[in-house]
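This one's a predicted model, so the numbers in the text were calculated from it and none came from an experiment. Naming convention: chains lettered A, B, ... in sequence-line order (proteins, then strands); numbering from 1 in each chain.
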There are 2 protein chains.
Amino acid sequence: MPGTTPPLGGRHVATGHEVLAAVLQVRDGRLRVLAWQRGIAPDEGRWALPGGHLRDDEDVEESVRRQLAEKVDLSDVAHVEQLGVFSAPHRVPDARIVATAFLGLVPSDADPAVPDDTAWQPVDALPPTAFDHAAIVDDALDRLRAKLSYTNIGFALAPAEFTVSALREIYAGALGHPVSATNLQRVLTRRGQLEPTGAVSPPGPAGGRPAALFRFTRRTLRVTDAFAVLRPPGEVGRAVVP
Amino acid sequence: MPGTTPPLGGRHVATGHEVLAAVLQVRDGRLRVLAWQRGIAPDEGRWALPGGHLRDDEDVEESVRRQLAEKVDLSDVAHVEQLGVFSAPHRVPDARIVATAFLGLVPSDADPAVPDDTAWQPVDALPPTAFDHAAIVDDALDRLRAKLSYTNIGFALAPAEFTVSALREIYAGALGHPVSATNLQRVLTRRGQLEPTGAVSPPGPAGGRPAALFRFTRRTLRVTDAFAVLRPPGEVGRAVVP
DNA sequence: TCCTGTTTTCGCCTATCAATCGAAAACGTG
DNA sequence: CACGTTTTCGATTGATAGGCGAAAACAGGA
(Lines give C-alpha, C1' and ligand atoms only; values in the text may rest on other atoms or scores of the structure.)
Protein backbone atom coordinates (compact mmCIF):
# COMPACT_ATOMS: atom_id res chain seq x y z
CA MET A 1 0.00 0.00 0.00
CA PRO A 2 2.45 2.74 1.05
CA GLY A 3 5.66 3.48 -0.74
CA THR A 4 8.77 4.80 0.91
CA THR A 5 9.18 7.51 3.49
CA PRO A 6 7.64 10.75 2.20
CA PRO A 7 10.06 13.59 1.51
CA LEU A 8 10.84 15.75 4.48
CA GLY A 9 9.27 19.18 4.43
CA GLY A 10 10.72 22.44 5.70
CA ARG A 11 13.53 22.16 8.20
CA HIS A 12 12.81 18.58 9.21
CA VAL A 13 15.95 16.56 9.46
CA ALA A 14 14.81 13.37 11.19
CA THR A 15 11.78 11.14 11.01
CA GLY A 16 10.55 8.46 13.34
CA HIS A 17 8.21 7.22 15.97
CA GLU A 18 8.66 7.44 19.72
CA VAL A 19 6.73 6.24 22.72
CA LEU A 20 6.18 8.27 25.88
CA ALA A 21 4.64 7.31 29.20
CA ALA A 22 2.91 9.36 31.86
CA VAL A 23 3.39 7.13 34.89
CA LEU A 24 1.18 8.25 37.76
CA GLN A 25 1.25 7.45 41.44
CA VAL A 26 -0.38 8.85 44.55
CA ARG A 27 2.40 9.76 46.98
CA ASP A 28 1.72 11.36 50.34
CA GLY A 29 -1.77 12.24 49.21
CA ARG A 30 -0.81 13.92 45.96
CA LEU A 31 -0.96 12.60 42.43
CA ARG A 32 2.49 12.61 40.87
CA VAL A 33 4.04 11.81 37.53
CA LEU A 34 7.40 10.22 36.84
CA ALA A 35 9.68 12.60 34.92
CA TRP A 36 13.35 13.13 34.23
CA GLN A 37 15.27 16.36 33.78
CA ARG A 38 16.87 16.80 30.40
CA GLY A 39 20.59 17.42 30.49
CA ILE A 40 21.02 18.45 26.87
CA ALA A 41 19.38 20.73 24.31
CA PRO A 42 16.74 21.05 23.11
CA ASP A 43 14.70 21.94 26.17
CA GLU A 44 17.69 21.45 28.47
CA GLY A 45 16.75 21.58 32.13
CA ARG A 46 13.09 20.92 31.43
CA TRP A 47 11.30 17.82 32.64
CA ALA A 48 10.43 15.09 30.18
CA LEU A 49 8.42 11.89 30.27
CA PRO A 50 10.21 8.56 30.01
CA GLY A 51 10.27 7.11 26.52
CA GLY A 52 12.28 6.84 23.37
CA HIS A 53 12.46 5.58 19.85
CA LEU A 54 10.30 2.76 18.61
CA ARG A 55 12.41 -0.07 17.30
CA ASP A 56 11.73 -1.93 14.14
CA ASP A 57 11.09 -5.29 15.77
CA GLU A 58 8.71 -4.26 18.53
CA ASP A 59 5.22 -2.85 18.79
CA VAL A 60 4.50 0.25 20.84
CA GLU A 61 3.39 -1.69 23.92
CA GLU A 62 6.62 -3.67 24.00
CA SER A 63 8.55 -0.50 23.36
CA VAL A 64 7.06 1.49 26.21
CA ARG A 65 7.66 -1.37 28.62
CA ARG A 66 11.25 -1.68 27.47
CA GLN A 67 11.90 2.02 27.91
CA LEU A 68 10.08 2.26 31.21
CA ALA A 69 12.27 -0.50 32.55
CA GLU A 70 15.20 1.90 32.25
CA LYS A 71 13.62 4.28 34.75
CA VAL A 72 11.66 2.13 37.19
CA ASP A 73 11.08 -1.45 38.19
CA LEU A 74 8.47 -2.66 35.73
CA SER A 75 6.95 -5.01 38.29
CA ASP A 76 5.77 -1.91 40.16
CA VAL A 77 3.73 -0.70 37.20
CA ALA A 78 0.29 -2.20 37.76
CA HIS A 79 -1.39 -0.96 34.61
CA VAL A 80 -0.38 0.41 31.22
CA GLU A 81 -2.70 1.63 28.51
CA GLN A 82 -2.44 3.62 25.34
CA LEU A 83 -3.50 7.25 25.54
CA GLY A 84 -3.18 8.25 21.93
CA VAL A 85 -0.99 9.67 19.23
CA PHE A 86 0.61 13.09 19.39
CA SER A 87 1.54 14.12 15.89
CA ALA A 88 1.64 17.87 15.47
CA PRO A 89 4.21 18.43 12.69
CA HIS A 90 6.59 20.46 14.86
CA ARG A 91 5.92 18.99 18.26
CA VAL A 92 9.68 18.51 18.56
CA PRO A 93 11.94 21.03 16.83
CA ASP A 94 13.91 20.18 13.69
CA ALA A 95 12.42 16.71 13.37
CA ARG A 96 9.26 14.89 12.44
CA ILE A 97 8.61 12.58 15.35
CA VAL A 98 5.20 11.02 15.93
CA ALA A 99 4.66 9.93 19.51
CA THR A 100 2.41 7.27 20.99
CA ALA A 101 1.58 8.26 24.56
CA PHE A 102 0.79 5.84 27.36
CA LEU A 103 -0.73 6.01 30.80
CA GLY A 104 1.02 4.00 33.49
CA LEU A 105 -0.16 3.50 37.06
CA VAL A 106 1.88 2.56 40.12
CA PRO A 107 0.35 1.46 43.45
CA SER A 108 0.75 3.96 46.25
CA ASP A 109 2.83 1.61 48.37
CA ALA A 110 5.47 0.97 45.71
CA ASP A 111 8.71 2.91 45.97
CA PRO A 112 10.82 1.90 43.01
CA ALA A 113 14.38 3.11 42.77
CA VAL A 114 14.79 5.80 40.11
CA PRO A 115 17.87 7.31 38.42
CA ASP A 116 19.39 10.54 39.72
CA ASP A 117 17.81 12.71 37.03
CA THR A 118 14.36 11.26 37.67
CA ALA A 119 11.71 12.28 40.21
CA TRP A 120 8.00 12.15 41.01
CA GLN A 121 6.58 15.56 40.17
CA PRO A 122 3.18 16.67 41.48
CA VAL A 123 0.73 16.99 38.58
CA ASP A 124 -0.91 20.08 40.04
CA ALA A 125 2.41 21.92 40.25
CA LEU A 126 4.45 20.65 37.35
CA PRO A 127 7.87 22.19 36.80
CA PRO A 128 8.56 23.40 33.22
CA THR A 129 8.09 20.48 30.86
CA ALA A 130 9.79 19.57 27.60
CA PHE A 131 8.05 19.63 24.21
CA ASP A 132 4.35 18.73 24.39
CA HIS A 133 4.73 16.53 27.42
CA ALA A 134 2.48 18.71 29.56
CA ALA A 135 -0.39 17.99 27.18
CA ILE A 136 0.28 14.29 27.53
CA VAL A 137 0.12 14.56 31.30
CA ASP A 138 -3.18 16.42 30.96
CA ASP A 139 -4.58 13.63 28.82
CA ALA A 140 -3.36 11.07 31.33
CA LEU A 141 -5.14 12.93 34.11
CA ASP A 142 -8.39 13.15 32.20
CA ARG A 143 -8.24 9.50 31.31
CA LEU A 144 -7.50 8.36 34.85
CA ARG A 145 -10.18 10.50 36.45
CA ALA A 146 -12.82 9.45 33.96
CA LYS A 147 -11.98 5.79 34.33
CA LEU A 148 -12.06 5.97 38.12
CA SER A 149 -15.78 6.59 37.79
CA TYR A 150 -16.75 3.87 35.33
CA THR A 151 -14.09 1.19 35.69
CA ASN A 152 -12.23 -0.59 38.48
CA ILE A 153 -8.97 1.14 37.52
CA GLY A 154 -8.41 2.05 41.16
CA PHE A 155 -6.80 -1.36 41.63
CA ALA A 156 -3.71 -0.04 39.86
CA LEU A 157 -3.31 2.84 42.31
CA ALA A 158 -3.96 0.87 45.48
CA PRO A 159 -1.75 -1.63 47.31
CA ALA A 160 -2.70 -5.30 47.30
CA GLU A 161 -4.44 -4.80 50.65
CA PHE A 162 -5.62 -1.55 52.17
CA THR A 163 -8.01 0.03 54.61
CA VAL A 164 -10.98 2.06 53.46
CA SER A 165 -9.31 5.19 54.79
CA ALA A 166 -6.20 4.52 52.75
CA LEU A 167 -8.32 3.94 49.66
CA ARG A 168 -10.20 7.15 50.33
CA GLU A 169 -6.93 9.04 50.45
CA ILE A 170 -5.82 7.50 47.16
CA TYR A 171 -9.04 8.42 45.41
CA ALA A 172 -9.00 11.91 46.85
CA GLY A 173 -5.43 12.40 45.71
CA ALA A 174 -6.09 11.07 42.25
CA LEU A 175 -9.33 12.99 41.75
CA GLY A 176 -8.06 16.18 43.36
CA HIS A 177 -11.02 16.66 45.63
CA PRO A 178 -12.34 15.19 48.91
CA VAL A 179 -14.08 11.82 48.79
CA SER A 180 -16.47 10.29 51.31
CA ALA A 181 -15.05 7.08 52.74
CA THR A 182 -18.46 5.63 53.60
CA ASN A 183 -19.93 6.15 50.17
CA LEU A 184 -16.76 5.05 48.41
CA GLN A 185 -16.77 1.76 50.25
CA ARG A 186 -20.45 1.12 49.63
CA VAL A 187 -20.35 2.01 45.95
CA LEU A 188 -17.27 -0.04 45.17
CA THR A 189 -18.57 -2.97 47.18
CA ARG A 190 -21.92 -2.88 45.43
CA ARG A 191 -20.16 -2.88 42.09
CA GLY A 192 -18.31 -5.99 43.11
CA GLN A 193 -14.93 -4.28 42.96
CA LEU A 194 -14.09 -4.51 46.66
CA GLU A 195 -13.99 -7.41 49.09
CA PRO A 196 -12.75 -7.76 52.66
CA THR A 197 -9.68 -9.91 53.23
CA GLY A 198 -10.80 -10.82 56.73
CA ALA A 199 -7.66 -9.41 58.30
CA VAL A 200 -7.45 -6.09 60.14
CA SER A 201 -4.81 -3.41 60.20
CA PRO A 202 -3.35 -2.26 63.54
CA PRO A 203 -4.46 1.24 64.53
CA GLY A 204 -2.20 4.22 64.08
CA PRO A 205 -0.14 5.97 66.79
CA ALA A 206 -3.18 7.96 67.90
CA GLY A 207 -5.17 4.81 68.56
CA GLY A 208 -8.60 4.20 67.11
CA ARG A 209 -10.50 1.17 66.03
CA PRO A 210 -8.48 -1.24 63.89
CA ALA A 211 -9.49 -0.96 60.26
CA ALA A 212 -10.59 -3.95 58.23
CA LEU A 213 -8.41 -4.74 55.21
CA PHE A 214 -9.86 -4.90 51.71
CA ARG A 215 -8.67 -5.88 48.28
CA PHE A 216 -9.88 -5.38 44.73
CA THR A 217 -11.64 -8.48 43.47
CA ARG A 218 -10.10 -8.15 40.01
CA ARG A 219 -6.75 -6.68 39.14
CA THR A 220 -7.48 -6.31 35.45
CA LEU A 221 -9.40 -3.48 33.89
CA ARG A 222 -13.15 -3.94 33.71
CA VAL A 223 -15.85 -1.39 33.02
CA THR A 224 -18.82 -1.05 35.29
CA ASP A 225 -22.18 -2.43 34.25
CA ALA A 226 -24.22 -0.20 32.05
CA PHE A 227 -27.93 0.29 32.50
CA ALA A 228 -30.03 -2.70 31.66
CA VAL A 229 -31.52 -0.76 28.76
CA LEU A 230 -28.21 -0.77 26.98
CA ARG A 231 -27.10 -4.20 28.07
CA PRO A 232 -27.69 -7.52 26.33
CA PRO A 233 -30.34 -9.33 28.37
CA GLY A 234 -28.93 -11.47 31.16
CA GLU A 235 -25.37 -10.22 31.01
CA VAL A 236 -23.39 -8.55 33.73
CA GLY A 237 -20.05 -6.79 33.48
CA ARG A 238 -18.23 -6.08 30.27
CA ALA A 239 -14.89 -6.43 28.54
CA VAL A 240 -11.93 -4.11 28.65
CA VAL A 241 -12.19 -0.74 26.96
CA PRO A 242 -9.79 2.18 26.42
CA MET B 1 16.49 13.62 21.22
CA PRO B 2 16.10 11.08 18.40
CA GLY B 3 18.58 10.71 15.60
CA THR B 4 17.70 9.46 12.17
CA THR B 5 15.44 6.64 11.15
CA PRO B 6 16.61 3.41 12.78
CA PRO B 7 18.02 0.77 10.42
CA LEU B 8 15.43 -1.52 8.91
CA GLY B 9 15.41 -5.05 10.28
CA GLY B 10 14.79 -8.24 8.37
CA ARG B 11 12.96 -7.98 5.09
CA HIS B 12 11.49 -4.55 5.76
CA VAL B 13 11.74 -2.33 2.73
CA ALA B 14 9.54 0.63 3.64
CA THR B 15 8.90 2.64 6.77
CA GLY B 16 6.17 5.08 7.57
CA HIS B 17 2.98 5.99 9.33
CA GLU B 18 -0.54 5.56 8.03
CA VAL B 19 -3.98 6.43 9.31
CA LEU B 20 -7.02 4.17 9.01
CA ALA B 21 -10.66 4.80 9.81
CA ALA B 22 -13.46 2.45 10.76
CA VAL B 23 -16.48 4.52 9.75
CA LEU B 24 -19.68 3.06 11.19
CA GLN B 25 -23.31 3.66 10.32
CA VAL B 26 -26.59 1.95 11.12
CA ARG B 27 -28.26 1.10 7.81
CA ASP B 28 -31.57 -0.75 7.64
CA GLY B 29 -31.18 -1.82 11.23
CA ARG B 30 -27.67 -3.22 10.94
CA LEU B 31 -24.37 -1.70 11.94
CA ARG B 32 -22.09 -1.38 8.94
CA VAL B 33 -18.54 -0.25 8.24
CA LEU B 34 -17.26 1.62 5.24
CA ALA B 35 -14.70 -0.46 3.32
CA TRP B 36 -13.18 -0.68 -0.14
CA GLN B 37 -12.08 -3.74 -2.07
CA ARG B 38 -8.40 -3.85 -2.91
CA GLY B 39 -7.62 -4.20 -6.59
CA ILE B 40 -3.92 -4.95 -6.21
CA ALA B 41 -1.62 -7.16 -4.20
CA PRO B 42 -1.02 -7.62 -1.37
CA ASP B 43 -4.37 -8.85 -0.14
CA GLU B 44 -5.98 -8.29 -3.53
CA GLY B 45 -9.72 -8.71 -3.44
CA ARG B 46 -9.91 -8.28 0.31
CA TRP B 47 -11.72 -5.41 1.94
CA ALA B 48 -9.73 -2.58 3.51
CA LEU B 49 -10.50 0.45 5.63
CA PRO B 50 -10.11 3.91 4.13
CA GLY B 51 -6.83 5.59 4.97
CA GLY B 52 -3.34 6.23 3.74
CA HIS B 53 0.02 7.72 4.44
CA LEU B 54 0.55 10.43 6.99
CA ARG B 55 2.07 13.47 5.38
CA ASP B 56 4.86 15.47 6.87
CA ASP B 57 2.88 18.65 7.34
CA GLU B 58 -0.27 17.30 8.97
CA ASP B 59 -1.18 15.61 12.21
CA VAL B 60 -3.10 12.34 12.27
CA GLU B 61 -6.48 13.99 12.76
CA GLU B 62 -6.01 16.19 9.73
CA SER B 63 -4.71 13.23 7.79
CA VAL B 64 -7.65 10.95 8.48
CA ARG B 65 -10.08 13.69 7.53
CA ARG B 66 -8.21 14.34 4.32
CA GLN B 67 -8.19 10.69 3.36
CA LEU B 68 -11.79 10.10 4.35
CA ALA B 69 -12.83 12.92 2.09
CA GLU B 70 -11.68 10.78 -0.82
CA LYS B 71 -14.28 8.15 0.00
CA VAL B 72 -17.27 9.97 1.48
CA ASP B 73 -18.65 13.44 2.02
CA LEU B 74 -16.93 14.61 5.18
CA SER B 75 -19.95 16.66 6.23
CA ASP B 76 -21.78 13.39 6.76
CA VAL B 77 -19.27 12.21 9.34
CA ALA B 78 -20.69 13.42 12.63
CA HIS B 79 -17.90 12.25 14.91
CA VAL B 80 -14.28 11.17 14.62
CA GLU B 81 -12.06 9.96 17.43
CA GLN B 82 -8.77 8.19 17.77
CA LEU B 83 -8.90 4.49 18.56
CA GLY B 84 -5.25 3.74 19.01
CA VAL B 85 -2.03 2.65 17.39
CA PHE B 86 -1.56 -0.65 15.61
CA SER B 87 2.11 -1.38 15.42
CA ALA B 88 2.85 -5.09 15.19
CA PRO B 89 6.16 -5.27 13.29
CA HIS B 90 4.74 -7.24 10.37
CA ARG B 91 1.15 -6.05 10.34
CA VAL B 92 1.67 -5.32 6.65
CA PRO B 93 4.02 -7.56 4.69
CA ASP B 94 7.45 -6.37 3.55
CA ALA B 95 7.18 -3.01 5.25
CA ARG B 96 7.24 -1.36 8.65
CA ILE B 97 4.08 0.72 8.77
CA VAL B 98 2.65 1.96 12.04
CA ALA B 99 -1.03 2.79 11.82
CA THR B 100 -3.17 5.17 13.83
CA ALA B 101 -6.75 3.92 13.78
CA PHE B 102 -9.83 6.10 14.07
CA LEU B 103 -13.50 5.60 14.73
CA GLY B 104 -15.90 7.56 12.54
CA LEU B 105 -19.66 7.75 12.90
CA VAL B 106 -22.26 8.65 10.27
CA PRO B 107 -25.93 9.42 11.09
CA SER B 108 -28.37 6.79 9.90
CA ASP B 109 -30.16 9.16 7.55
CA ALA B 110 -27.03 10.14 5.62
CA ASP B 111 -26.41 8.42 2.30
CA PRO B 112 -23.14 9.79 0.99
CA ALA B 113 -22.01 8.86 -2.49
CA VAL B 114 -19.13 6.37 -2.44
CA PRO B 115 -16.68 5.19 -5.13
CA ASP B 116 -17.38 2.02 -7.07
CA ASP B 117 -14.94 -0.09 -5.08
CA THR B 118 -16.43 1.05 -1.77
CA ALA B 119 -19.42 -0.31 0.16
CA TRP B 120 -21.03 -0.50 3.60
CA GLN B 121 -20.27 -3.95 4.97
CA PRO B 122 -22.21 -5.39 7.91
CA VAL B 123 -19.92 -5.71 10.93
CA ASP B 124 -21.47 -8.98 12.03
CA ALA B 125 -20.78 -10.59 8.64
CA LEU B 126 -17.61 -8.99 7.39
CA PRO B 127 -16.19 -10.24 4.09
CA PRO B 128 -12.46 -11.18 4.16
CA THR B 129 -10.50 -8.16 5.33
CA ALA B 130 -7.03 -6.93 4.47
CA PHE B 131 -4.10 -6.92 6.90
CA ASP B 132 -5.16 -6.30 10.51
CA HIS B 133 -8.20 -4.25 9.59
CA ALA B 134 -10.61 -6.73 11.16
CA ALA B 135 -8.98 -6.09 14.53
CA ILE B 136 -9.46 -2.37 14.02
CA VAL B 137 -13.15 -2.88 13.30
CA ASP B 138 -13.41 -4.95 16.48
CA ASP B 139 -11.84 -2.15 18.48
CA ALA B 140 -14.20 0.33 16.90
CA LEU B 141 -17.18 -1.81 17.87
CA ASP B 142 -16.02 -2.15 21.45
CA ARG B 143 -15.40 1.55 21.72
CA LEU B 144 -18.76 2.52 20.26
CA ARG B 145 -20.76 0.09 22.37
CA ALA B 146 -19.01 1.09 25.56
CA LYS B 147 -19.47 4.79 24.87
CA LEU B 148 -23.15 4.37 24.07
CA SER B 149 -23.61 3.49 27.71
CA TYR B 150 -21.64 6.27 29.38
CA THR B 151 -21.63 9.13 26.88
CA ASN B 152 -24.07 10.86 24.54
CA ILE B 153 -22.28 9.44 21.50
CA GLY B 154 -25.62 8.34 20.07
CA PHE B 155 -25.96 11.82 18.59
CA ALA B 156 -23.47 10.85 15.91
CA LEU B 157 -25.52 7.85 14.81
CA ALA B 158 -28.91 9.57 14.84
CA PRO B 159 -30.39 12.11 12.41
CA ALA B 160 -30.88 15.70 13.54
CA GLU B 161 -34.49 14.87 14.44
CA PHE B 162 -35.98 11.46 15.05
CA THR B 163 -38.77 9.55 16.74
CA VAL B 164 -38.14 7.40 19.77
CA SER B 165 -38.83 4.32 17.66
CA ALA B 166 -36.21 5.33 15.14
CA LEU B 167 -33.72 5.94 17.93
CA ARG B 168 -34.52 2.57 19.44
CA GLU B 169 -33.78 0.93 16.12
CA ILE B 170 -30.44 2.74 15.87
CA TYR B 171 -29.39 1.72 19.36
CA ALA B 172 -30.52 -1.86 18.78
CA GLY B 173 -28.58 -2.02 15.55
CA ALA B 174 -25.46 -0.53 17.06
CA LEU B 175 -25.54 -2.65 20.21
CA GLY B 176 -26.57 -5.82 18.43
CA HIS B 177 -29.41 -6.66 20.77
CA PRO B 178 -33.00 -5.49 21.39
CA VAL B 179 -33.53 -2.24 23.29
CA SER B 180 -36.64 -1.04 25.10
CA ALA B 181 -37.99 2.16 23.60
CA THR B 182 -39.66 3.34 26.80
CA ASN B 183 -36.60 2.88 28.96
CA LEU B 184 -34.28 4.31 26.35
CA GLN B 185 -36.32 7.48 26.14
CA ARG B 186 -36.57 7.88 29.88
CA VAL B 187 -32.89 7.21 30.54
CA LEU B 188 -31.63 9.54 27.84
CA THR B 189 -34.09 12.25 28.84
CA ARG B 190 -33.13 12.00 32.48
CA ARG B 191 -29.49 12.33 31.53
CA GLY B 192 -30.32 15.51 29.68
CA GLN B 193 -29.29 14.06 26.33
CA LEU B 194 -32.72 14.13 24.70
CA GLU B 195 -35.28 16.88 24.22
CA PRO B 196 -38.51 17.11 22.19
CA THR B 197 -38.53 19.42 19.21
CA GLY B 198 -42.27 20.04 19.52
CA ALA B 199 -42.99 18.74 16.03
CA VAL B 200 -44.45 15.35 15.23
CA SER B 201 -43.72 12.86 12.50
CA PRO B 202 -46.55 11.60 10.24
CA PRO B 203 -47.52 7.98 10.96
CA GLY B 204 -46.36 5.17 8.74
CA PRO B 205 -48.39 3.38 6.04
CA ALA B 206 -50.04 1.16 8.63
CA GLY B 207 -51.37 4.17 10.53
CA GLY B 208 -50.81 4.61 14.23
CA ARG B 209 -50.35 7.59 16.46
CA PRO B 210 -47.98 10.25 15.09
CA ALA B 211 -44.66 10.10 16.92
CA ALA B 212 -43.14 13.11 18.63
CA LEU B 213 -39.80 14.24 17.25
CA PHE B 214 -36.74 14.51 19.44
CA ARG B 215 -33.19 15.77 19.12
CA PHE B 216 -29.98 15.41 21.09
CA THR B 217 -29.38 18.46 23.26
CA ARG B 218 -25.64 18.43 22.52
CA ARG B 219 -23.93 17.27 19.40
CA THR B 220 -20.48 17.09 20.92
CA LEU B 221 -19.16 14.22 22.99
CA ARG B 222 -19.88 14.41 26.71
CA VAL B 223 -19.61 11.72 29.33
CA THR B 224 -22.44 11.02 31.70
CA ASP B 225 -22.26 12.23 35.29
CA ALA B 226 -20.40 10.00 37.65
CA PHE B 227 -21.59 9.23 41.12
CA ALA B 228 -21.42 12.10 43.57
CA VAL B 229 -18.78 10.17 45.50
CA LEU B 230 -16.35 10.54 42.67
CA ARG B 231 -17.40 13.98 41.58
CA PRO B 232 -16.09 17.33 42.74
CA PRO B 233 -18.80 18.81 44.97
CA GLY B 234 -21.34 20.87 43.07
CA GLU B 235 -20.32 19.90 39.58
CA VAL B 236 -22.42 18.25 36.95
CA GLY B 237 -21.29 16.77 33.65
CA ARG B 238 -17.72 16.37 32.58
CA ALA B 239 -15.33 17.05 29.73
CA VAL B 240 -14.64 14.96 26.68
CA VAL B 241 -12.81 11.68 27.09
CA PRO B 242 -11.54 9.01 24.70
C1' DT C 1 -9.20 1.27 86.44
C1' DC C 2 -11.68 4.70 84.20
C1' DC C 3 -12.17 8.45 81.25
C1' DT C 4 -11.20 10.83 76.94
C1' DG C 5 -9.99 11.37 72.26
C1' DT C 6 -9.51 9.05 67.84
C1' DT C 7 -10.61 6.16 64.06
C1' DT C 8 -13.43 2.99 61.85
C1' DT C 9 -17.67 0.47 61.07
C1' DC C 10 -22.42 -0.24 60.77
C1' DG C 11 -27.37 0.70 60.49
C1' DC C 12 -31.14 3.76 59.41
C1' DC C 13 -33.57 7.00 56.62
C1' DT C 14 -34.63 9.54 52.53
C1' DA C 15 -34.68 10.74 47.87
C1' DT C 16 -33.83 9.35 43.37
C1' DC C 17 -34.02 6.50 39.63
C1' DA C 18 -34.55 2.30 36.62
C1' DA C 19 -37.66 -1.07 34.99
C1' DT C 20 -42.07 -2.93 33.90
C1' DC C 21 -46.81 -2.93 32.89
C1' DG C 22 -51.01 -1.27 31.32
C1' DA C 23 -54.13 2.18 29.79
C1' DA C 24 -55.13 5.95 26.83
C1' DA C 25 -54.31 8.82 22.80
C1' DA C 26 -53.99 9.44 17.84
C1' DC C 27 -53.91 7.74 13.40
C1' DG C 28 -55.27 4.77 8.85
C1' DT C 29 -58.21 1.16 6.89
C1' DG C 30 -62.19 -1.53 5.76
C1' DC D 1 -67.86 3.67 12.81
C1' DA D 2 -65.46 -0.27 14.58
C1' DC D 3 -60.81 -2.27 14.45
C1' DG D 4 -55.86 -2.82 14.30
C1' DT D 5 -51.57 -0.17 14.85
C1' DT D 6 -48.31 2.74 16.82
C1' DT D 7 -46.95 5.89 20.15
C1' DT D 8 -47.31 8.27 24.55
C1' DC D 9 -48.17 8.75 29.29
C1' DG D 10 -49.05 7.43 34.15
C1' DA D 11 -48.70 4.40 38.16
C1' DT D 12 -46.29 0.94 40.65
C1' DT D 13 -42.54 -1.67 42.22
C1' DG D 14 -37.88 -2.50 43.36
C1' DA D 15 -33.18 -1.18 43.84
C1' DT D 16 -29.62 1.96 45.07
C1' DA D 17 -26.94 6.18 46.12
C1' DG D 18 -26.23 9.64 49.55
C1' DG D 19 -26.00 11.38 53.99
C1' DC D 20 -26.16 11.25 58.97
C1' DG D 21 -25.35 9.57 63.40
C1' DA D 22 -24.61 6.00 66.76
C1' DA D 23 -21.80 2.31 68.23
C1' DA D 24 -17.54 -0.34 68.28
C1' DA D 25 -12.62 -0.81 69.08
C1' DC D 26 -8.31 1.00 70.26
C1' DA D 27 -4.33 4.11 72.78
C1' DG D 28 -2.95 7.15 76.27
C1' DG D 29 -3.12 9.56 80.47
C1' DA D 30 -5.09 10.68 85.06
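- Whole-Å rounding puts the B/Q185 CD to C/dA19 P distance at 14 Å.
- Of the candidates D/dT8, C/dT9, D/dA25, D/dA25 carries the atom nearest the A/P210 side chain, counting heavy atoms from C-beta on.
- Atom-to-atom, CG of A/L194 to P of C/dC10 comes out at 12 Å; the value is rounded to the nearest Å.
- C/dC17 atom P lies 17 Å from atom CG of B/L184, rounded to whole Å.
- Straight-line distance from the CG atom of A/N183 to the C1' atom of C/dG11: 14 Å, rounded to whole Å.
- Atom CG of B/L188 and atom C1' of C/dA18 are 13 Å apart (whole Å).
- Between B/H79 and B/F155, the ring-plane angle classifies as perpendicular under the 30° and 60° cut-offs.
- Here the nucleotide nearest the side chain of A/S165, chosen from D/dG18, C/dA18, C/dT8, is C/dT8.
- Along DNA chain D, the nucleotide nearest A/T182 and the nucleotide nearest B/A166 are compared for position; the residue whose nucleotide lies closer to the 5' end is B/A166.
- Looking at B/R27 and B/D111, a side-chain N of the basic residue comes within less than 4.0 Å of a carboxylate O on the acidic one, giving a salt bridge.
- In this structure, the CD atom of B/E169 is 15 Å from the C1' atom of D/dT7, given to the nearest Å.
- When distances run from any side-chain atom of A/R190 to the nucleotides C/dT9, D/dT8, D/dA17, the shortest one goes to D/dA17.
- Here A/R186 lies in heavy-atom contact (under 4.0 Å) with a base.
- Distance, A/F162 CZ to C/dT7 P: 20 Å, rounded to whole Å.
- When all heavy atoms are compared, the tightest approach of A/L20 to A/H133 is CD1-NE2, 3.4 Å.
- The main-chain N or O of B/W36 is never found under 3.5 Å from a side-chain atom of B/D117 such that the two would form a donor-acceptor pair.
- Within the 4.0 angstrom heavy-atom criterion, only backbone atoms of the sugar-phosphate kind lie near B/A212; the bases stay farther away.
- B/S63 and B/Q67 share a donor-acceptor pair across their side chains, judged by distance under 3.5 Å alone.
- Here the side chain of B/V187 is nearest to one of D/dG18, C/dA19, C/dT9, namely C/dA19.
- Atom CZ of B/R168 and atom P of D/dT8 are 12 Å apart (whole Å).
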